[in-house]
Amino acid sequence: MLKLGFLIIVRDLRLSMRHGSSTTMVVSFFIIVVTMFPFAVGPEQEILRKISLGVIWVAALLSSMLSLDSMFQSDYEDGSLDQFVLSPAPLELVVLAKFIAHWLSSSLPLILVAPLLGILMNLPERGYVPLIVTMVLGTPALSFIGGIGASLTVTLRRGGVLLSLLILPLYIPVLIFAVLAANAVIDGDPVMDHVLLLSGFTLFSAAIAPWAAAAAIRAGLE
Amino acid sequence: MLKLGFLIIVRDLRLSMRHGSSTTMVVSFFIIVVTMFPFAVGPEQEILRKISLGVIWVAALLSSMLSLDSMFQSDYEDGSLDQFVLSPAPLELVVLAKFIAHWLSSSLPLILVAPLLGILMNLPERGYVPLIVTMVLGTPALSFIGGIGASLTVTLRRGGVLLSLLILPLYIPVLIFAVLAANAVIDGDPVMDHVLLLSGFTLFSAAIAPWAAAAAIRAGLE
Amino acid sequence: MSDILRGYDLACIRGEKPVFSNLEFELPPGQALILSGTNGSGKSSLLKIIAGLLPAQRGRISFFDENILGDQDWISHNICYLAHKNSLKAEMTVAENLAFWAALDQYDGDIREKAVKVGIDHCLDLPVCYLSSGQARRAALARVLCHPGEFWLLDEPTVGLDSKGVRLLADLMADHLDKGGRILAATHIELGLDPAKTTTLNMLDYTFSAHEAFHELFQEPWEEDFQC
Amino acid sequence: MSDILRGYDLACIRGEKPVFSNLEFELPPGQALILSGTNGSGKSSLLKIIAGLLPAQRGRISFFDENILGDQDWISHNICYLAHKNSLKAEMTVAENLAFWAALDQYDGDIREKAVKVGIDHCLDLPVCYLSSGQARRAALARVLCHPGEFWLLDEPTVGLDSKGVRLLADLMADHLDKGGRILAATHIELGLDPAKTTTLNMLDYTFSAHEAFHELFQEPWEEDFQC
Amino acid sequence: MHKFANPARFMRLSNILLPWTTGLTIVLFGFGLYYSLILAPQDYQMGNTYRIMFIHVPASYMALFGYGVIAVASAVGFIWNHPLANQAARATAPLGATFTALALITGSLWGKPMWGTYWIWDARLTSMLILFFIYLGYIAVWQTIEDQAKAAKIAAIVAMIGIINVVIIKFSVDWWNTLHQPATLIRAGGPTIHGDMLAALLLMIAAFNMFFVTLLMWRIQSLILKRRIRTLRLQLGGGRG
Ligand code: HEM
Ligand SMILES: Nc1ncnc2c1ncn2[C@@H]1O[C@H](COP(=O)(O)OP(=O)(O)OP(=O)(O)O)[C@@H](O)[C@H]1O
Ligand SMILES: Nc1ncnc2c1ncn2[C@@H]1O[C@H](COP(=O)(O)OP(=O)(O)OP(=O)(O)O)[C@@H](O)[C@H]1O
Ligand SMILES: [Mg+2]
Ligand SMILES: [Mg+2]
């Protein structure tokens with residue numbers, strides 16, 4: 001069982017390496033979105049400092065979302081999704097493996113470059129560690145929730161934009177808790193509550209996502 | 001000739017109306033991205049006021065970009081693009097028509113809802129008119145430049161993310177001039193320079209985009 | 001108790017369009033059932049229903065007195081489904097594709113040998129996007145051979161194959177039947193299988209009128225109190 | 001000056017893979033040229049080259065002493081190309097699709113009449129995503145009929161068609177030939193066209209060895225100083 | 001359960017009910033408007049602007065009520081594959097979204113005189129805004145999917161996840177906001193509300209509720225008829241051959 005999941009993760013990671021490496025592209029998108037902000041809000045250090053954490057998190061959300069589209073879409077188009085449904089591996093396992101592959105290939109690299117962007121955005125020094133920690137705790141929830149959205153829209157023609165409409169509201173709790181936790185550290189406030197809430201939300205999404213996504217795929221097949 | 005272009009515009013607009021109206025979805029994405037910022041940077045009215053214009057413009061950029069993907073992709077996948085190349089309508093005309101349809105179906109609605117977002121983001125009252133005017137002047141450039149990007153990536157499998165990488169840097173001049181112009185109005189500074197640069201950039205992109213895009217499509221066919 | 005796969009009283013409605021109803025079939029071991037019928041008569045739909053990819057409007061399919069309709073577990077171990085689409089990843093090579101599906105379907109035979117059988121071995125190291133339409137179809141057929149399931153559901157397997165490819169396919173199907181496997185295939189081409197082992201099911205015998213279908217959907221006569 | 005379409009010395013390399021070379025063909029008015037050959041022998045590639053969708057490695061195609069290879073203007077007014085893909089928008093109805101292409105290709109005949117000819121008229125108001133594979137192929141054939149071009153390039157037009165559909169297609173092709181049109185078709189099926197009007201081109205006569213192709217690409221003897 | 005699933009029976013029942021609910025809606029609105037615009041006294045702080053409340057509060061309740069209806073109908077439709085429940089969920093969505101929009105609009109119109117700005121990022125306002133987005137997403141799902149059976153299932157999943165999210169959002173927004181800006185701005189009423197005001201408010205809420213139910217029945221009827229027509233048309237169009 002575990003072996004099957006591992007097999008799927010390896011395949012998905014390999015696919016994300018081929019053809020111009022979608023990983024590089026997610027990272028570049030992340031960097032570009034963040035660098036647009038100094039142009040958009042003006043170069044004042046004070047404002048940048050205040051919004052830095054939020055902007056980095058929003059950019060991470062958007063980048064992670066951007067690569068969701070391909071999580072099931074290409075499998076659907078070439079008929080592989082049907083074969084996954086028919087295969088002896090339970091569909092819940094298949095989608096879970098795909099979520100993990102998505103996190104590894106799109107969120108993990110974001111976490112690695114986030115400190116660089118912190119420098120660009122004038123993030124206060126005490127903010128780096130909380131930024132990384134909240135990203136580690138929060139980004140899996142993005143893959144899980146986003147995965148539900150991807151599975152809901154996969155069978156729709158051009159579901160891409162609908163996808164964002166469905167999942168962005170669900171991303172908001174992650175954003176709120178992550179930013180609250182990181183800011184609490186920066187301001188020296190108590191932080192455990194927020195961290196627990198953030199982790200709780202991630203665990204909760206991990207618990208429901210495989211079932212919801214598998215159900216959505218089964219419902220969407222035609 | 002004009003008739004053919006008109007035909008294509010009507011077809012593309014019709015397609016964007018069908019199936020859950022991609023227009024509605026672009027607009028929703030726009031609204032949602034903007035509303036994420038208060039969560040990310042906190043609800044203080046003063047900060048929101050300062051970044052409002054920039055955030056709205058960045059969100060407009062990203063939303064307009066999101067719908068680019070479908071500009072040629074679905075035509076490529078179902079073989080219509082080959083037929084366009086073979087049709088008596090010059091490919092330059094075809095892509096121009098598609099750019100116009102894209103602007104009508106994705107940027108025009110953004111311009112219409114932008115004032116609402118101004119309210120949410122606490123945009124200063126003097127900012128509304130410049131926001132709208134710069135959007136009218138600047139968003140066509142987004143469709144043109146984005147269209148070049150879309151045509152470059154159309155023949156690549158999963159070019160979506162690459163697309164953003166190619167065009168976001170080219171969007172930055174639009175962003176800079178637009179925000180400078182709007183801020184100049186709000187601050188009561190002279191504004192004509194920025195407006196001229198913005199319009200110039202739009203005209204320039206309109207002049208090169210059809211040729212570049214047509215060439216890219218011809219080169220990409222296999 | 002019977003080792004015959006039997007469909008009873010099957011009905012299908014797609015996108016509100018009634019496709020077939022009262023369909024019955026029998027498939028004993030070592031036999032092939034060929035679905036024939038005009039375009040749009042519901043061949044692909046029937047195969048998808050049997051594979052559990054489409055819900056049937058009504059009816060059941062029994063095997064050893066169990067209803068296997070929608071029984072994912074049974075289906076996943078016994079059925080191998082070849083669709084119109086090839087289920088191959090364009091970015092990966094043929095060998096990688098086949099190895100992946102074989103591992104997922106828990107097949108542990110020799111993949112290269114199967115590839116030789118469908119004449120695609122010289123393309124094993126090419127990415128699938130470099131294949132011509134017929135080569136890609138052959139690769140998809142190789143996947144069928146690398147599946148341990150006893151039941152083959154083949155939806156127009158000959159599409160894109162040249163005449164040698166069609167003969168090859170017929171031989172492979174005959175082999176499978178000889179080994180006691182069973183085949184359900186939708187095709188418009190005469191495959192030349194042994195007539196003693198082949199039954200043909202004509203989809204046109206099971207048409208479904210809209211009137212009936214509407215009752216079916218809403219479970220009660222409707223016209224009596226509502227005319228339009 | 002000749003009204004025969006003639007290909008000279010055509011060669012094709014795809015993705016660094018040599019496909020065919022020294023290919024020659026002739027196509028007088030009212031004639032059909034059937035491309036045959038095993039899977040992967042280059043039939044689709046040849047059609048794409050003629051349609052200007054793929055650059056040829058070498059060679060020319062002349063018509064009235066002009067090289068029409070890559071002459072977009074000539075091609076767009078004379079050639080109608082049917083690919084493996086159907087070029088129909090899934091979200092639009094069949095009628096809308098046909099009307100759009102007819103308008104773009106500047107055809108001003110009756111579309112419904114053509115749809116009747118391929119037996120797809122009852123689906124005219126259905127969105128294309130509701131069609132079965134054969135129905136969609138028929139709709140794509142209707143597009144070919146709604147094209148004013150004299151040259152038809154058909155890439156496996158019979159894919160997915162039932163036997164009635166294949167006969168129908170053969171009749172339509174015969175009609176087109178009678179009117180002086182010309183057809184280049186890649187197919188693995190015997191269409192039953194008038195033998196007097198049909199020539200067959202076997203792609204296997206024009207194989208392209210890797211060695212030759214290598215010279216071709218680098219235009220200079222290479223082996224003499226480098227052996228592998 | 002399945003007896004009620006029958007659309008013919010629903011059509012019969014709703015044809016009997018509709019005239020009554022329509023009449024009741026009109027009567028309630030008549031009284032409600034009379035009470036709220038004429039009988040209810042002016043507020044000593046807010047003057048007449050407070051009368052927006054008589055639209056705003058019922059609309060807000062209907063917005064929440066609508067989502068409740070969708071959630072229940074979706075669950076029933078998903079579990080028992082109940083066609084009428086699916087249609088009910090679908091029919092409710094645009095109504096709920098409209099009332100949400102109405103609550104947002106009346107709220108922000110009221111906000112201008114009260115807070116000097118149309119919008120603040122207060123917890124209640126924010127969660128209402130997100131509810132609106134969830135409504136839009138739900139509607140978009142129905143619009144995007146042609147196949148009704150499939151759309152019903154997928155929309156049901158969206159609705160059920162949405163309800164979880166509404167709860168989480170409500171709670172997380174409270175957290176988010178209390179840290180930065182204690183919500184002291186809202187709440188004009190409370191227990192000290194004037195008797196006539198209360199009567200007017202209750203009447204308006206009842207009127208809105210009846211209005212909602214009436215519209216819902218109408219919409220379900222028209223969805224059933226639409227479906228019937230589509231089936232017939234598909235049969236006429238898509239024969240065999
Ligand atoms: C866009 C802005 C607003 C939104 C989205 C909004 C939302 C809501 C909602 C959802 C409710 C009903 C649910 C509940 O009781 O918790 C409600 C009730 C109410 N709102 Fe608003 N509101 C807005 C602005 C205002 C303003 C500006 C005022 C007056 C200063 C106001 C006064 C009230 C009152 C008095 C109630 C009834 C409270 C009760 O009985 O529980 N609202 N609003
Ligand atoms: N996009 C591509 N990139 C690289 N090589 C390709 C590509 N498409 C096809 N080829 C190669 O070119 C050769 C000719 O392909 P083509 O599609 O023309 O064959 P075909 O005669 O149409 O075959 P079939 O009968 O299977 O359709 C094949 O060997 C194939 O591997
Ligand atoms: N996704 C769909 N949504 C709605 N209706 C569909 C869908 N797919 C097919 N249909 C309809 O269902 C009927 C049966 O289609 P199906 O694909 O099963 O036919 P088929 O027998 O396989 O035909 P073909 O020989 O053309 O492949 C057709 O009339 C078609 O219009
Ligand atoms: Mg079929
Ligand atoms: Mg081919």
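What you see is a predicted model, and the numbers here were worked out from it, not measured in a lab. We name chains A, B, ... by the order of the sequence lines, and we start the count at 1 in each one.
Looking at A:Leu81, there are no atoms closer than 4.5 Å to chain C (heavy atoms on both sides), in backbone or side chain.
For A:Gln83 (side chain) and C:Leu82 (main-chain N/O), no donor-acceptor pair under 3.5 Å exists by modelled atom type.
Of all the heavy atoms in C:His77 and A:Pro88, the pair that sits closest is NE2-CB, 3.7 Å. Summarising the geometry of A:Asp78 relative to C:Lys85, their closest heavy-atom pair is O-CB, 3.7 Å, with the distance given to 0.1 Å.
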Under 3.5 Å, side-chain donor or acceptor atoms of residues 100-107 of chain C against the rest of the protein: list the pairs with distances, not counting sequence neighbours.
residue: C:Trp101; atom: NE1; partner: C:Ser87; partner atom: O; Å: 3.0

Could you give the side-chain donor-acceptor pairs of residues 55-62 of chain A under 3.5 Å, partners two or more places apart or in another chain?
residue: A:Trp57; atom: NE1; partner: A:Thr134; partner atom: OG1; Å: 3.4

Atom pairs and distances, side-chain donor-acceptor, residues 139-149 of chain A, under 3.5 Å, sequence neighbours left out:
residue: A:Thr139; atom: OG1; partner: A:Trp103; partner atom: NE1; Å: 3.0
residue: A:Thr139; atom: OG1; partner: A:Met135; partner atom: O; Å: 2.6
residue: A:Ser143; atom: OG; partner: A:His102; partner atom: ND1; Å: 3.0

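Contact tally against chain A (heavy-atom pairs below 4.5 Å) for C:His84, C:Glu96, C:His147, C:Gln72: the top residue is C:Glu96. The candidate with the highest count of non-hydrogen atom pairs below 4.5 Å against chain A, out of C:Ala51, C:Pro55, C:Ala83, is C:Ala51. Contact tally against chain C (heavy-atom pairs below 4.5 Å) for A:Leu86, A:Leu91, A:Val94: the top residue is A:Leu86.
Counting heavy-atom neighbours within 6.0 Å of C:Glu66 CD, excluding the residue itself, gives a total of 12 or less. By the 6.0 Å contact criterion, CZ on C:Phe63 is enclosed, its count of non-hydrogen atoms from other residues, nucleotides or ligands being greater than 12. Counting non-hydrogen atoms of other residues, nucleotides and ligands closer than 6.0 Å to CZ of A:Phe39 gives a total of 12 or fewer.
Contacts from residues 109-120 of chain C to chain A, taken as heavy-atom pairs separated by less than 4.5 Å, involve no residues at all.
Between the OG atom in A:Ser80 and the CG atom in C:Asn86 there is a gap of 10.0 Å [rounded to 0.5 Å].
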